[in-house]
Amino acid sequence: MRRSVVRGTGHYLPSRVVENSFFEQTLDTTDEWIRTRTGIERRHFAAEDEFTSDLALAAARDALDRAGMTADDIDAIVLATSTPDLTFPAVATMVQSGLGMTRGFAYDVQAVCAGFVFALANADGLIRTGQADRVLVIGAETFSRIMDWTDRGTCVLFGDGAGAVILEAAEGKGDSSDRGILACDLNSDGKLRDLLYVDGGVSRTGTAGVLRMQGNLVFRHAVEKLAATANRVLDKAGLAPADVDWLVPHQANLRIITGTAQKMGLPVERVVLTVADHGNTSAASIPLALSVADREGRFKQGDVVLTEAIGGGMSWGSVVLRW
């Protein structure tokens with residue numbers, strides 16, 4: 001059976017670092033309030049002339065460098081974002097051009113904060129069916145462009161960044177001992193779309209709009225649905241929570257992350273946490289966390305790594321792989 005094995009990771013963060021104290025100047029909030037409720041201490045914001053495609057391209061180049069590959073080695077790009085440069089073309093095609101890729105194909109996936117999980121599942125499908133041998137999977141966001149800076153319940157949460165993973169086809173036996181992606185679990189429920197959305201768009205308002213969220217309800221759904229999808233994907237792979245070496249969750253809120261880990265019986269020592277330094281970077285948060293942990297040497301060959309995310313739509317899902 002063809003498996004999708006991780007061959008490289010990379011990431012990029014804009015140079016501007018915004019501490020929690022920045023929001024104390026204009027909002028009724030404090031550094032302590034933000035830390036206590038979210039676990040976030042700082043985040044990165046893109047420069048005025050820096051766009052989602054720029055972040056994605058930098059992360060892609062980093063992943064290629066670390067994998068010892070060039071753009072000519074890549075067959076396809078699947079990019080997850082909710083903050084594209086333009087309505088079209090896809091950001092993925094901009095990255096394709098920036099890398100100098102003259103073959104293959106590139107497209108975007110939009111599932112908000114769950115976008116990278118959906119993109120991984122897409123890329124895995126391309127590899128399993130033989131449509132591609134190497135796929136560059138990217139999550140990139142500039143959420144600072146869709147914030148309501150008067151809403152302390154949302155604007156303190158998000159940051160900008162990009163992460164990338166290169167998947168390559170490899171032969172496996174077809175059981176849980178294989179390296180690569182072992183199983184995926186994707187879900188959505190459009191009835192819950194009003195819990196987290198942007199109030200603008202091309203067809204409806206002709207504007208980009210700003211993010212709106214019912215935080216308490218999102219939190220309630222997040223812990224329940226993330227634990228459920230994690231258990232389902234492990235069951236699909238023939239694994240149990242005790243087999244998980246690393247949980248790499250969407251970095252939305254420290255309380256959601258720890259609550260999900262506890263529900264699964266995983267100690268916090270086995271959870272990759274970057275939320276304090278990056279905030280919620282939506283579709284970029286999982287590949288960012290994967291790249292940071294990879295660079296720190298935390299993942300060893302054969303480790304079972306579980307990723308999970310939930311976002312607007314409402315969409316949620318998980319992917320389990322063996323490093």
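Being a predicted model, the structure only gives us computed values, none of them experimental.
- Taking the six-membered ring for Trp and thresholds of 30 and 60 degrees, F23 and W149 have nearly parallel ring planes, at less than 30 degrees apart.
- Nearest heavy atom pair, residue A106 against residue Q96, reads CB-OE1, 4.0 Å.
- One N or O on the side chain of R322 and one on the backbone of G302 form a donor-acceptor pair closer than 3.5 Å.
- By the 4.0 Å N-to-carboxylate-O rule, D75 lies close enough to R103 to be salt-bridged with it.
- Within 6.0 Å of CZ in R295 there are more than 12 heavy atoms belonging to other residues, nucleotides or ligands.
- Separating the CD atom in Q251 from the CZ atom in R43 is a distance of 14.0 Å, to the nearest 0.5 Å.
- Within a 6.0 Å sphere centred on CG of D175, heavy atoms belonging to other residues, nucleotides or ligands number more than 12.
- When only modelled atom types and interatomic distance are considered, E50 and Y12 share a side-chain donor-acceptor pair under 3.5 Å.
- Of the N and O atoms on the side chains of D277 and T274, not one donor lies less than 3.5 Å from an acceptor on the other residue.
- Looking only at side-chain heavy atoms (C-beta outward), L254 and L273 come within less than 4.5 Å of each other.
- Cluster annotation: L157 and I310 are assigned to the same hydrophobic cluster (Ile/Leu/Val/Met/Phe/Trp/Tyr, side-chain heavy-atom contacts under 4.5 Å, transitive).
- N253 and R37 form no side-chain donor-acceptor contact under 3.5 Å, judged by distance and modelled atom types alone.
- Closest non-hydrogen pair, A140 versus T81, comes out as O-OG1, 2.6 Å.
- With hydrogens and angles left out, the side-chain atoms of S21 and D31 include no donor and acceptor closer than 3.5 Å.
- With D235 contributing its side chain and N231 its backbone, the two residues share no donor-acceptor pair below 3.5 Å.
- Counted within 6.0 Å of CD on E32, heavy atoms from surrounding residues, nucleotides or ligands total 12 or fewer; the atom is thus considered open.
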Test log, rule side chain to side chain contact (heavy atoms under 4.5 Å, CB included), inputs W246 and V304: CA-CA 6 Å; W246 293 101; V304 173; over 6 Å; no
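- Crowding of K263 atom NZ: a count of heavy atoms from other residues, nucleotides or ligands under 6.0 Å not exceeding 12.
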Step-by-step side chain to side chain contact (heavy atoms under 4.5 Å, CB included) determination, N280 to V275: CA-CA 7 Å; N280 183 347; V275 66; over 6 Å; no
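- Within the 3.5 Å criterion, the main-chain N or O of A240 finds a donor-acceptor partner in the side chain of D243.
- Placement of M147 and L195 within a single hydrophobic cluster is found when ILVMFWY residues are connected by side-chain heavy-atom separations under 4.5 Å, directly or transitively.
- Using the six-membered ring where Trp is involved, F143 and F158 have ring planes that are parallel, under 30° apart on the 30 and 60° scheme.
- Side chain of T281 to main chain of G159: no donor-acceptor pair is present (N/O by atom type, distance under 3.5 Å, no hydrogens or angles).
- Side-chain contact annotation: T229 with D185, donor-acceptor N/O pair under 3.5 Å present.
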Verdict with supporting geometry, D245 and V305, side chain to side chain contact (heavy atoms under 4.5 Å, CB included): CA-CA 6 Å; D245 294 293; V305 178; 6.0 Å; no
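- Under 4.0 Å is where a charged nitrogen must lie from a carboxylate oxygen, and between D294 and R66 at least one such pair does.
- Using a 4.0 Å cut-off between charged nitrogen and carboxylate oxygen, E171 and R3 do not count as a salt-bridge pair.
- A salt bridge does not link D65 with R61: every distance from a Lys NZ or Arg NE/NH1/NH2 to an Asp or Glu carboxylate oxygen is 4.0 Å or more.
- Between R2 and D124 no salt bridge is recorded (no basic side-chain N to carboxylate O distance below 4.0 Å).
- With W33 as the aromatic partner, R152 meets the cation-pi criteria of under 6.0 angstrom to the ring centre and within 45 degrees of the ring axis.
- Closest heavy-atom contact between L136 and A60: CD2-CB, 3.6 Å.
- Of the possible polar contacts, none joining the D189 side chain to the G313 backbone as a donor-acceptor pair under 3.5 Å is found.
- Both V135 and V165 belong to a common hydrophobic cluster when Ile, Leu, Val, Met, Phe, Trp and Tyr are linked at side-chain heavy-atom distances under 4.5 angstrom.
- One finds the CD atom of E141 at 4.0 Å from the OG1 atom of T83 (value rounded to the nearest 0.5 Å).
- Side chains of E24 and T30: no donor on one and acceptor on the other come within 3.5 Å.
- Residue D54 holds its CG atom at 8.0 Å from CG of D49, rounded to the nearest 0.5 Å.
- Between the side chain of R270 and the backbone N or O of V244, at least one donor-acceptor pair lies under 3.5 Å.
- A donor and an acceptor atom, one from each side chain of E308 and S318, are nowhere located under 3.5 Å apart.
- Under the 4.5 Å side-chain criterion, counting only non-hydrogen atoms from C-beta, V233 is not in contact with V319.
- Counting heavy atoms from C-beta outward, V223 and R255 have side chains that stay 4.5 Å or more apart.
- In this structure, a donor-acceptor pair under 3.5 Å is absent between the side chains of S144 and T142.
- Side-chain contact check for L13 versus L288: some heavy-atom pair is nearer than 4.5 Å.
- For H44 (side chain) and P14 (main-chain N/O), a donor-acceptor pair under 3.5 Å exists by modelled atom type.
- By the criterion of side-chain heavy atoms lying less than 4.5 angstrom apart, applied directly or through intervening Ile, Leu, Val, Met, Phe, Trp or Tyr residues, L290 is grouped together with L167 in one hydrophobic cluster.
- Both F118 and F105 are part of a single hydrophobic cluster, where members link through side-chain heavy atoms under 4.5 Å apart.
- Closest heavy-atom contact between I138 and A164: CG1-CB, 4.0 Å.
- Here CG of N20 is found 4.0 Å from CD1 of I34. Values are rounded to the nearest 0.5 Å.
- In this structure, CE in M101 is found 10.0 Å from OG1 in T70, a value given to the nearest 0.5 Å.
- A salt bridge does not link R7 to D73: none of the charged side-chain nitrogens sits closer than 4.0 Å to a carboxylate oxygen.
- Not one N or O on the side chain of D303 forms a donor-acceptor pair closer than 3.5 Å with the backbone of W323.
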Intermediate values then yes/no, side chain to side chain contact (heavy atoms under 4.5 Å, CB included), D160 and L55: CA-CA 9 Å; D160 304 335; L55 276 58; 4.2 Å; yes
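- In this structure, NZ on K225 lies 12.0 Å from OG1 on T260, to the nearest 0.5 angstrom.
- Distance alone, capped at 3.5 Å, places no donor-acceptor pair between the R212 side chain and the L196 backbone.
- Of all the heavy atoms in V198 and L211, the pair that sits closest is CG2-CA, 4.0 Å.
- Within the 4.5 Å cutoff, side-chain heavy atoms of R232 are placed close to those of N187.
- Using a 4.5 Å cut-off on side-chain heavy atoms (C-beta onward), L182 and K236 make no contact.
- T93 places no side-chain N or O within 3.5 Å of a backbone atom of P89 that could act as its donor or acceptor partner.
- For the residue pair A283 and A80, the shortest heavy atom distance occurs at CB-O, 3.7 Å.
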